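Here is the structure we will look at, set down as structure tokens.
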There are 2 protein chains.
Amino acid sequence: MSHLQTIISNFAQSDGASVVTTRADTVFVDLRQRIVEGQVPMGSKISEPELARHYDISRSTLRDALSRLEGCGLLERKANVGYRVVTLSTAKLIDIFRVRESLEGMACHLAAQCMSTEQISELKALLQEHERSESLQQGEAYFQQEGDLDFHFKIVQGSNNSLLIRLLCEELYFLVRMYRYQFGMASPRAKKAFGEHRNIIQAIEDKDGELAEILMRRHIAASRLNVEKRMNTQ
Amino acid sequence: MSHLQTIISNFAQSDGASVVTTRADTVFVDLRQRIVEGQVPMGSKISEPELARHYDISRSTLRDALSRLEGCGLLERKANVGYRVVTLSTAKLIDIFRVRESLEGMACHLAAQCMSTEQISELKALLQEHERSESLQQGEAYFQQEGDLDFHFKIVQGSNNSLLIRLLCEELYFLVRMYRYQFGMASPRAKKAFGEHRNIIQAIEDKDGELAEILMRRHIAASRLNVEKRMNTQ
DNA sequence: ACGTTTCAAATTGTCGACAATTTACGGTGA
DNA sequence: TCACCGTAAATTGTCGACAATTTGAAACGT
């Protein structure tokens, strides 16, 4: 299974019972993807009549989809004015990193306590797969980055805390992916990140929740510091 | 200013630019309150036609409000079936505590770094006010509990991280209030909680982010352990 | 030329009706 | 009596139209 396939399958299953049935669902998923990838430019105004025509649906159906996208933080709404695609900024990115530090740290802590041996095996297999493909096509930072998100995704799933899972996998991670697509910061930390991932897995395997949490927090903080450093030099 | 007034004003200002303009806004705020207070019983099915009649609005307008309530985690939706009021459970409450531990811990950390001296003074004044009214009408656990949330509210506001503020003040805290109203667990920790609040403020005043975070996490963890203990004895 | 006002076009908010799906209930058969 | 099925009622999904508000530009005055 390729990285991209893994990602797609994981995000699909993250939607829970989202065997897409309704039209609004379809539009929600499609528009979400288009926003994440920047096909709908960030900061741009959403024209309901235009979008409704584009998808060949009514405004009611479209608005249903839009309200859900607002819940993901991808759209912002102002009464009597309408929706806009969220405008990313370095400051907001740092805010997101801080939230990820705390939430994923906790998720990692819980995952260490309750992941099954089978889940841990899957995690290790995922890491190995990433390392293998990294050695094959090194420098292909794009896949590595999405692969990184896949790794984090699996750990959150292992936390067994549905609120955490919802907040991270169904909301925040789409914003994160949006940043990666559009700020495209090819991380110079790819190599280091692998080692950090390995250590995190080890802590989880040892059922050492406290250590796992600390390692995960540092892992994410390192990315944040990277962004902060770049911000200051500009 | 009484506690209740403080609470209301804080939550009002938390809605940001929510100078209620649209009908859906009004219904959203009102229904949110009714759900939190249990006037709309938890787990109950939302009948769109019935609710629309009750508020004398169309289903479109109602659905706008409902979709926002879903974003707060107060309603759950299933395609082709409709909305239900969320069903609270001890397990979910513990999930919430874990998220609060991590998020509010981080908020407290950041607040220690960037709260202004004026903000800190306000925080101290709030604590004093709580202590005063506590000594006056001790045992009135209800006010203390809402007051406690008010305290946490102010710290989160001081974090200067709008994502944190949104996640906690505009989403999670309504769920927390719902639990307090409906599970009505009069905390036996009231007295202890005051001391913990005082120590947290001290750490913030000392700009000791790490300590402030640890203290806040322990403060919330203590409530969680309280619930877990009660759960096991039943 | 600049700021203000006015009015028209476009957009969002709201409504009621119809279509598609689910739910409830009564009937049929074993 | 119980399980299964089919039809009718109720509910949600979707649609197009109208009302309220915002936006943009033209007209006006200074």
Side-chain angles (χ1 to χ4, degrees), chain A residues 15-35 40-87 170, chain B residues 15-35 40-87 170:
Chain A
D15 285 344
S18 85
V19 185
V20 179
T21 49
T22 157
R23 249 170 264 236
D25 272 323
T26 313
V27 172
F28 167 64
V29 172
D30 184 81
L31 194 50
R32 184 176 65 187
Q33 187 68 14
R34 283 177 57 199
I35 292 173
V40 184
M42 66 187 211
S44 65
K45 175 94 171 46
I46 296 287
S47 166
E48 293 183 8
E50 184 186 328
L51 251 190
R53 273 195 303 275
H54 175 274
Y55 283 110
D56 194 34
I57 55 175
S58 74
R59 271 182 59 223
S60 313
T61 305
L62 176 66
R63 282 163 71 94
D64 190 345
L66 293 182
S67 72
R68 274 186 263 178
L69 287 168
E70 189 189 5
C72 295
L74 296 178
L75 293 183
E76 291 169 343
R77 186 184 185 184
K78 231 170 84 180
N80 288 316
V81 173
Y83 292 94
R84 291 193 99 80
V85 177
V86 66
T87 300
E170 291 173 26
Chain B
D15 284 345
S18 85
V19 185
V20 179
T21 49
T22 157
R23 249 171 264 239
D25 272 323
T26 314
V27 172
F28 168 64
V29 172
D30 184 80
L31 195 49
R32 184 177 63 186
Q33 187 68 15
R34 285 177 57 200
I35 291 173
V40 183
M42 66 187 212
S44 65
K45 174 95 173 44
I46 296 287
S47 166
E48 293 183 8
E50 185 186 327
L51 251 189
R53 273 194 305 273
H54 175 275
Y55 282 111
D56 195 34
I57 56 175
S58 73
R59 273 181 58 221
S60 313
T61 305
L62 177 66
R63 283 164 71 93
D64 190 345
L66 294 181
S67 72
R68 274 186 264 178
L69 287 168
E70 189 188 5
C72 295
L74 296 178
L75 293 183
E76 291 169 343
R77 186 184 185 184
K78 231 170 85 180
N80 288 315
V81 174
Y83 292 94
R84 290 194 99 80
V85 177
V86 65
T87 300
E170 290 174 27

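Every chain is numbered from 1 and lettered A, B, ... according to where its sequence line falls, protein lines coming before strand lines. Predicted, not measured: the structure shown is a model, and the values here were computed from it.
Straight-line distance from the CD1 atom of B:Ile57 to the P atom of D:dC18: 22 Å, rounded to whole Å. Here C:dT22 presents its P atom at 15 Å from CD of B:Glu48, a figure rounded to the nearest Å. Between the CZ atom of A:Arg23 and the P atom of C:dA19 there is a distance of 13 Å, given to the nearest Å. Atom CG of B:Asp25 is separated from atom P of C:dT14 by 8 Å (rounded to the nearest Å). Distance, A:Arg77 CZ to C:dT11 P: 17 Å, rounded to whole Å. Summarising the geometry, the separation between NZ on A:Lys78 and C1' on C:dG13 is reported as 16 Å, rounded to the nearest angstrom. Following rounding to the nearest Å, B:Tyr55 (OH) and C:dT14 (P) show an atom-to-atom distance of 15 Å. The separation between A:Tyr83 atom OH and D:dT22 atom P is 17 Å, rounded to whole Å.
OP1 or OP2 of C:dC15 lies within a sub-4.0 Å distance of a side-chain N or O belonging to B:Ser58. Distances shorter than 4.0 Å separate some side-chain N or O of A:Arg63 from OP1 or OP2 on C:dG13. Using a 4.0 Å cut-off, no side-chain N or O of B:Lys45 falls inside it from OP1 or OP2 of D:dA10. Look at A:Ser47 and you won't find any side-chain N or O under 4.0 angstrom from OP1 or OP2 of C:dA10.
The minimum heavy-atom distance between B:Met42 and B:Val86, with the atom names listed, is CB-O, 3.3 Å. Across every non-hydrogen atom of B:Arg32 and B:Leu74, the tightest pair is CG-CD1, 3.6 Å. Nearest heavy atom pair, residue B:Gly43 against residue B:Arg84, reads O-NE, 3.2 Å.
Residue contacts for A:Ser60: at a heavy-atom cut-off of 4.0 Å it reaches a base atom on one of the strands shown. Residue contacts for B:Leu62: at a heavy-atom cut-off of 4.0 Å it reaches no nucleic acid atom on any strand shown. Among the atoms of the strands shown, none is found under 4.0 Å from any heavy atom of A:Leu66.
The closest side-chain heavy-atom distance from A:Cys72 to A:Phe28 is below 4.5 Å. Looking at A:Asn80 and B:Thr22, their side chains never come closer than 4.5 Å, going by heavy atoms from C-beta outward.
Each of B:Ala79 and B:Asp56 was matched to the nucleotide of DNA chain C holding its nearest heavy atom; the match closer to the 5' end belongs to B:Asp56. Of the two residues near DNA chain D, A:Asn80 and A:Thr61, the one whose nearest nucleotide lies more 5' is A:Thr61.
One can find a donor-acceptor pair under 3.5 Å joining the base of D:dG13 and the side-chain atoms of B:Arg59.
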